[in-house]
Amino acid sequence: MEENLENTDRRPQFGNRYLEDETEVFEHNAWDDVEWTDELENEAKLKILKNSKITLNSENIHDYENNAHEYWNSFYNIHQNRFFKDRHWLFTEFPELAPNFDAPERVQRDDIKSSQTIDINPESIFEIGCGVGNTVFPILQYNKNENLKVYCSDFSSNAINILKESPEYEKRCHAFVLDVTIDSWNDFVPFQPNSLDIIIIIFVLSAIAPQKASHVIKQCFKYLRPGGLVLFRDYGRYDLAQLRFKPGRCLAENFYVRGDGTRVYFFTQDEVRSIFIENGFKEVQNIVDRRLQVNRSRRLKMYRVWIQGKYVKPQT
Ligand SMILES: C[S@@+](CC[C@H](N)C(=O)[O-])C[C@H]1O[C@@H](n2cnc3c(N)ncnc32)[C@H](O)[C@@H]1O
């Protein structure tokens, strides 16, 4: 089984830790907002040069595209709800999801300006590519608003079945199967255009063929109400997960297939910005989150890169 790099996208619960003295690097398991030197960038570029040659034939590449939902179905068949961990860090990064929740889990990030937090008290939240509910269930737990409706969808029917069977699935939640790349969502979604307060897209756009990403964001724009917000987080260019790919797994530039047939793209900040801006959104936040994770016993340094964004549908 491939190493689970997904679950390491977690911030410490009680504040950030910065590496000021390089000699202390192996004294903790992780450091926040590490400096990215030219040397690191050049090393990363070299690794990508080696793993980016496309050796798969077009039949294989089409199979991964056409049967993407089947590969994810197999993934959830194997891992059930054990792979991804509940994303309790959500409320540090995206306080908008539970504005009245005040608990130690909510850490104030000192690198994020308050102007990047939107004053919104959501009554309708929609998550795309929700998997088995690792985002939805913490929201239902921490946002106590009785009128809140949390819609969530995934194109893996296995994921949706597992989510719906969970004891945490409750009446404020509505889960359904949807492939977000289809031309029109109209016949499949239980809400109207211009109606949603928040749409969440976490580690999902990377699983979609890059040429379809813009269409997905266009649909999000359509269903958000004016003033509504998209919360985005995903893999960044040069993340450890990208550098670790062996040659032969590349499908297109910065787009790879894992051993289990699921795919992953690695974004730059500019790419994320363009996809949203070209579809009418206004940018509130677009940050790169770099973390150094350390394997202290093997004395390994692992650089993680995530892109996080918040985009608003303008009022007019
Ligand atoms: C890396 S997982 C992330 C799951 C969840 N968002 C989380 O953060 O725990 C990617 C998810 O996107 C879903 N997905 C991929 N392509 C999709 C598509 N075209 N339409 C809907 N869901 C999709 C997969 O089934 C999978 O559940």
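Counting starts at 1 for both ligands and their atoms, following the listed order. Residues: numbered from 1 along the sequence shown.
- When only interatomic distances are considered, the shortest N/O to N/O separation between Asn134 and ligand 1 does not fall below 3.5 Å.
- Minimum interatomic distance between Val136 and Cys152 (heavy atoms only, all atoms of both residues): CG2-CB, 3.6 Å.
- Residue-level proximity to ligand 1 for Phe155 is carried by backbone and side chain together, each with a heavy atom below 4.0 angstrom.
- The proximity of His69 to ligand 1, defined as any non-hydrogen pair under 4.0 Å, does not occur for either the backbone or the side chain.
- Atom numbering of ligand 1 starts at 1 in the shown order; those under 4.0 Å from a heavy atom of Asp179 are 18 (C), 19 (N), 20 (N).
- If you look at Phe75 next to ligand 1, there are no close heavy atoms at all, none under 4.0 Å.
- Close approach to Thr181 involves these atoms of ligand 1, each under 4.0 Å from a residue heavy atom: 19 (N).
- Interface atoms of ligand 1 facing Tyr76, defined by a heavy-atom separation under 4.0 Å, are 25 (O), 26 (C), 27 (O).
- Ligand 1 places these atoms under 4.0 Å from at least one heavy atom of Gly131: 27 (O).
- Checking only distances, Cys130 never comes within under 3.5 Å of ligand 1, N or O to N or O.
- An N or O contact shorter than 3.5 Å is missing between Trp72 and ligand 1 by distance.
- Taking each heavy atom of Arg258 and Tyr235 in turn, the nearest pair found is NH2-OH, 3.9 Å.
- Under the 30°/60° scheme for interplanar angles, the aromatic rings of Phe176 and His174 are found to stand perpendicular.
- Residues Glu96 and Thr117 approach most closely at OE2-CA, 3.4 Å, considering heavy atoms.
- Donor-acceptor pairing under 3.5 Å is lacking for the side chains of Glu127 and Tyr151.
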Validation: residues 215-224 side-chain donor-acceptor distances under 3.5 Å, sequence neighbours left out:
residue	atom	partner	partner atom	Å
His215	NE2	Ile182	O	2.7
His215	NE2	Asp183	O	3.3
Lys222	NZ	Asn186	OD1	3.2
Tyr223	OH	Asn186	N	3.4
Tyr223	OH	Asn186	OD1	2.4

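- Near Glu127, the atoms of ligand 1 lying under 4.0 angstrom from a non-hydrogen atom of the residue are 6 (N).
- Summarising the geometry of Asn143 relative to Pro99, their closest heavy-atom pair is ND2-CD, 4.2 Å, with the distance given to 0.1 Å.
- With hydrogens and angles disregarded, a donor-acceptor distance shorter than 3.5 Å links the side chain of Tyr169 to the backbone of Ala175.
- Under a 4.0 Å heavy-atom criterion, Leu178 is in contact with ligand 1.
- In terms of heavy atoms, Pro122 sits closest to Leu97 at CG-O, 4.4 Å.
- Considering backbone and side-chain N/O atoms, Phe203 never comes within less than 3.5 Å of an N/O atom of ligand 1.
- Qualifying side chain to side chain contact (heavy atoms under 4.5 Å, CB included) partners for Ile61, counting only residues two or more places apart in sequence or in other chains: Ile54, Leu56, Leu251.
- The distance criterion of under 3.5 Å between nitrogen or oxygen atoms is not met by Val204 with respect to ligand 1.
- With a 4.0 Å heavy-atom cut-off, ligand 1 is reached by no atom of Thr262.
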